[in-house]
Amino acid sequence: MSTDADGRIRSWTLTPSRPHFTPPAGAVDAHCHVFGPMAEFPFSPKAKYLPQDAGPEALFGLRDRLGFARNVIVQASCHGTDNSATLNAIARSDGKARGVAVVDPAIGDAELDMLHEGGIRGVRFNFLKRLVDDAPKDKFLEVAHRIQRLGWHVVVYFEADILDEMKPFLAAIPTPIVIDHMGRPDVAQGPDGPDMTAFRALLDSREDIWTKVTCPDRLDPAGPPYADFVRSVRPLVEAYPDRVLWGTDWPHPNMEKTLPDDGALVDVIPGIAPTETLQRKLLVDNPMRLYWPEEA
Ligand SMILES: O=C(O)/C=C(\CC(=O)C(=O)O)C(=O)O
């Protein structure tokens, strides 16, 4: 990572290695973000990190370079509840991007309709204390009820140590749920370790809990080829092939120590989804069902 004169960090590259793995036609990068550009879309005063600009052109350039067709852009915490940067990127995508918003719980129905019009198909509830000041479960539940009429889902981000305390909240959500990065298990424990076992029990508790099998760069400090991540995550993809999504996480918000190589991240895909059928479900069929249901 590098830091510019304003203290804005950059933890991504525009020129990752070319992956060896070729994604199937129509593949969706279902977890990525945009930052700014700040001059047009300032960061939130509550942002916990201040990144350099990583706007739509850069994201779409990466998409093409890696062999993907579409993006799902997730509102990052540095933009707070102002979804303008995400909506701007979707609007510039030629229909090739949709998004997940972060909303103020007091948001009105008219604004939710406007977000839907702009390509938003879900809301994200972030429980990471290092990223957000508070995560009011009662208010989040009200939001979850209010987005039901739009056919949206809820994306939840939490770490493995609070999975147990999250269970009643997750059980009360009336829409499909997507868990970011599998709730951040310790992949060094292996596929039958306590974190993965607890996470599978959560998936077994409801048929409409999906997960993103993402972020080897955050979960496996050994780096490429991310052997612990592959060993722990492949059985999950094989067991829940219709409920898994994949994404780059570009521009890798808030990564302070490493600069992930997106080519190496793409090359993890055949390790966790070893057959063409699994790869098609993970990269095309599943994200299309959730984000472009009218085409799926
Ligand atoms: O991008 C991710 O999924 C992970 C993030 C950043 C994030 O979630 C955010 O800023 O909203 C993290 O762990 O710092």
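Only a predicted model underlies this, so the values are computations on that prediction, with no experimental measurement involved. Numbering of ligands and ligand atoms starts at 1, following listing order.
Using cut-offs of 30° and 60° on the angle between ring planes, the pair F68 and W246 is parallel.
A distance of 9.5 Å separates CZ of R231 from CG of D192, quoted to the nearest 0.5 Å.
Annotation: atom 14 (O) of ligand 1 to nearest protein heavy atom, R130 NH1, 2.9 Å. Here the protein heavy atom with the shortest distance to atom 3 (O) of ligand 1 is H181 NE2, 2.6 Å. Distance from atom 10 (O) of ligand 1 to its nearest protein heavy atom, with residue and atom name: Y49 OH, 2.5 Å. The protein atom (non-hydrogen) at minimum distance from atom 1 (O) of ligand 1 is H33 NE2, 2.6 Å.
Using a 4.0 angstrom heavy-atom cutoff, R124 counts as in contact with ligand 1. Judged by the shortest distance from any of its heavy atoms, K212 lies outside the 4.0 Å radius around the atoms of ligand 1.
Within ligand 1, counting atoms from 1 as listed, the ones closer than 4.0 Å to a heavy atom of P253 are 1 (O), 6 (C), 14 (O). Listed by number with element, the atoms of ligand 1 under 4.0 Å from a non-hydrogen atom of R184 are 13 (O). Using a 4.0 Å cut-off to heavy atoms of N126, the atoms of ligand 1 that qualify are 11 (O). Of all atoms in ligand 1, listed by their number and element, those nearer than 4.0 Å to a heavy atom of N254 are 14 (O). Heavy-atom proximity to S77, at under 4.0 Å, picks out these atoms of ligand 1: 9 (C), 10 (O), 11 (O). Interface atoms of ligand 1 facing Y157, defined by a heavy-atom separation under 4.0 Å, are 4 (C), 5 (C), 8 (O), 12 (C), 13 (O).
Using a 4.0 Å cut-off between heavy atoms, T214 makes no contact with ligand 1 at all. Residue H252 does not touch ligand 1, judged by heavy-atom distances below 4.0 Å. The residue D180 has no part lying near ligand 1, judged by heavy-atom distances below 4.0 Å. At a heavy-atom cutoff of 4.0 Å, ligand 1 is contacted by the side chain of D249 but not by its backbone.
Between R70 and Y291, the side chains place no donor N or O within less than 3.5 Å of an acceptor N or O (distance only, hydrogens not considered).
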Give the intermediate values and the outcome of ring-ring contact (aromatic ring centres under 6.0 Å, His included) for residues F199 and Y240.
CA-CA 12 Å; F199 189 66; Y240 305 91; 8.3 Å; no
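Atom CD of E117 sits in a sparse spot, with 12 or fewer heavy atoms from other residues, nucleotides or ligands closer than 6.0 Å. The number of heavy-atom neighbours closer than 6.0 Å to NZ of K139, taken from other residues, nucleotides and ligands shown, is 12 or below.
In this structure, the side chains of H79 and D82 stay at 4.5 Å or more apart for every pair of heavy atoms.
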Donor-acceptor pairs under 3.5 Å, side chain of residues 34-49 to any protein atom, not counting sequence neighbours: which ones?
{"residue": "S44", "atom": "OG", "partner": "K46", "partner atom": "N", "Å": "2.9"}
{"residue": "K48", "atom": "NZ", "partner": "K46", "partner atom": "O", "Å": "3.3"}
{"residue": "K48", "atom": "NZ", "partner": "D133", "partner atom": "OD1", "Å": "2.7"}

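No salt bridge links D249 with K212; every basic N to acidic carboxylate O contact stays at or beyond 4.0 Å.
Listed by chain and number, the residues in a side-chain contact (heavy atoms from CB on, under 4.5 Å) with V143 are V103, P105, V123, F125, I147 (sequence neighbours excluded).
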